[in-house]
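Accompanying notes for the structure given below.
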Amino acid sequence: QVQLVESGGGLVQAGDSLRLSCAAPGRMFSDFARGWFRQAPGKEREFLAAITWTGGRQYYSDSVKGRFAISKDNAKNAVYLQMNSLKPEDTAVYYCAAEPSGLGSLKEDDYDYWGQGTQVTVLS
């Protein structure tokens, strides 16, 4: 049963921007940390960014630091990933996940709930 829903993916040109959204029903996962991961064809799933349940602290992988920004709207119980200066190597399926401690984690195994993913394709 999918409880996290990603949206906002699409087909863009290199240098463009996209904002991904991760929604949860009602107040579900409101006290969980959320993270964004991606998986490109033939590659392992990769951590991108995480945000604590309060939204007060963010974590980024070196590969996207400075280009991507994670944020949270507590009123909407939604988390976003703003992606700027997109590159062809950013092409992947992007996943949102929820981590129960609320503190955030860079480790995939710490996340208990996952969305189905949204495709991002960046053309050169």
Side-chain angles (χ1 to χ4, degrees):
Q1 182 179 0
V2 176
Q3 294 167 319
L4 291 168
V5 180
E6 304 94 337
S7 62
L11 182 69
V12 297
Q13 298 287 334
D16 285 351
S17 298
L18 276 177
R19 189 177 83 152
L20 304 183
S21 299
C22 172
R27 303 308 299 169
M28 188 175 288
F29 305 125
S30 61
D31 57 350
F32 282 46
R34 305 259 190 104
W36 285 98
F37 295 75
R38 70 184 177 190
Q39 188 167 23
K43 295 188 176 181
E44 294 186 350
R45 193 149 53 185
E46 171 192 15
F47 167 80
L48 300 176
I51 191 165
T52 57
W53 76 277
T54 63
R57 188 162 187 174
Q58 300 85 40
Y59 304 88
Y60 295 97
S61 70
D62 288 342
S63 64
V64 302
K65 193 178 297 183
R67 290 194 303 128
F68 291 9
I70 190 170
S71 61
K72 185 178 183 187
D73 185 331
N74 286 318
K76 296 182 179 179
N77 194 19
V79 170
Y80 307 98
L81 186 68
Q82 178 67 41
M83 306 188 296
N84 299 324
S85 303
L86 284 162
K87 307 174 183 179
E89 50 264 43
D90 294 318
T91 295
V93 178
Y94 284 69
Y95 297 91
C96 174
E99 183 270 314
S101 82
L103 301 178
S105 174
L106 280 62
K107 297 189 296 182
E108 181 177 338
D109 289 347
D110 288 340
Y111 290 81
D112 290 345
Y113 299 92
W114 293 80
Q116 288 191 319
T118 185
Q119 176 71 46
V120 172
T121 303
V122 185
L123 302 178
S124 58

* Taking only residues two or more places apart in sequence or in another chain, which ones pass side-chain contact (heavy atoms from CB on, under 4.5 Å) with Ser85? -> Arg67

* Structure fact -> Minimal heavy-atom distance between Leu18 and Leu86, with the atoms involved, is N-CD1, 3.9 Å

* Taking ring-ring contact (aromatic ring centres under 6.0 Å, His included) as the test, write out the residues that go with Tyr60, two or more places apart. => none

* What pair of heavy atoms forms the shortest contact from Ser124 to Pro88, and how long is it? -> CB-CG, 3.7 Å

* Asked: For the residue pair Asp110 and Pro100, what are the closest heavy atoms and their distance?
  -> O-CD, 3.5 Å

* To do: Would you mind checking if Arg34 and Glu99 are paired as a salt bridge, meaning a charged N to carboxylate O distance below 4.0 Å?
  => no

* Residues forming a side-chain contact (heavy atoms from CB on, under 4.5 Å) with Asn84, sequence neighbours excluded -> Ser17, Gln82

* Asked: Sequence neighbours excluded, which residues qualify as side-chain hydrogen bond (donor to acceptor under 3.5 Å, both in side chains) partners of Gln119?
  -> Thr121

* Asked: Where is the tightest heavy-atom contact between Val122 and Thr91, given as atom of each residue plus distance?
  -> N-OG1, 2.9 Å

* Under the side-chain hydrogen bond (donor to acceptor under 3.5 Å, both in side chains) test, residues paired with Ser71 that sit two or more places apart -> none

* Structure fact -> Members sharing Leu11's hydrophobic cluster, built from side-chain contacts under 4.5 Å between Ile, Leu, Val, Met, Phe, Trp and Tyr, are Leu123

* Asked: Of all residues at least two apart in sequence or in a different chain, which pass the side-chain hydrogen bond (donor to acceptor under 3.5 Å, both in side chains) check with Thr52?
  -> Thr54

* If you look only at pairs with a residue in residues 111-122, which of them pass as a salt bridge (charged side-chain N to carboxylate O under 4.0 Å, His left out), with sequence neighbours excluded? -> none

* Asked: Are Trp114 and Leu81 connected in a single hydrophobic cluster, I mean Ile/Leu/Val/Met/Phe/Trp/Tyr linked by side-chain heavy atoms less than 4.5 Å apart?
  -> no

* How would you list all residue pairs meeting ring-ring contact (aromatic ring centres under 6.0 Å, His included) that involve residues 77-111, not counting sequence neighbours? -> Phe37-Tyr111

* Side chain Gln58, main chain Ile51, donor-acceptor under 3.5 Å -> no

* Joint cluster assignment, Val5 & Met83, ILVMFWY side-chain distance < 4.5 Å -> no

* Asked: Taking a hydrophobic cluster as the set of Ile, Leu, Val, Met, Phe, Trp and Tyr residues connected by side-chain heavy atoms closer than 4.5 Å, whether directly or through intermediates, do Phe47 and Ile70 fall within one such cluster?
  -> no

* To do: Could you check if a side-chain atom of Glu108 sits within less than 4.5 angstrom of a side-chain atom of Arg45, using non-hydrogen atoms only?
  => yes

* Asked: Going by an N to O cut-off under 4.0 Å, is there a salt bridge joining Asp90 and Lys87?
  -> no

* Can you see which heavy atom on Glu6 is nearest to which on Gln116, and at what distance? => OE1-N, 3.2 Å

* To do: Using side-chain hydrogen bond (donor to acceptor under 3.5 Å, both in side chains) as the criterion, list what pairs up with Ser61, not counting sequence neighbours.
  => Ser63

* To do: Locate the shortest heavy-atom distance separating Val79 from Lys72; write the atom from each residue and the value.
  => CG2-CG, 3.9 Å

* Asked: Applying ring-ring contact (aromatic ring centres under 6.0 Å, His included), which residue pairs with at least one partner in residues 12-31 are found, sequence neighbours left out?
  -> Phe29-Phe32, Phe29-Tyr113

* Residues forming a side-chain contact (heavy atoms from CB on, under 4.5 Å) with Lys43, sequence neighbours excluded -> Ala40

* Asked: Are Leu20 and Tyr59 in one and the same hydrophobic cluster, where Ile, Leu, Val, Met, Phe, Trp and Tyr link if side-chain heavy atoms are under 4.5 Å apart?
  -> no

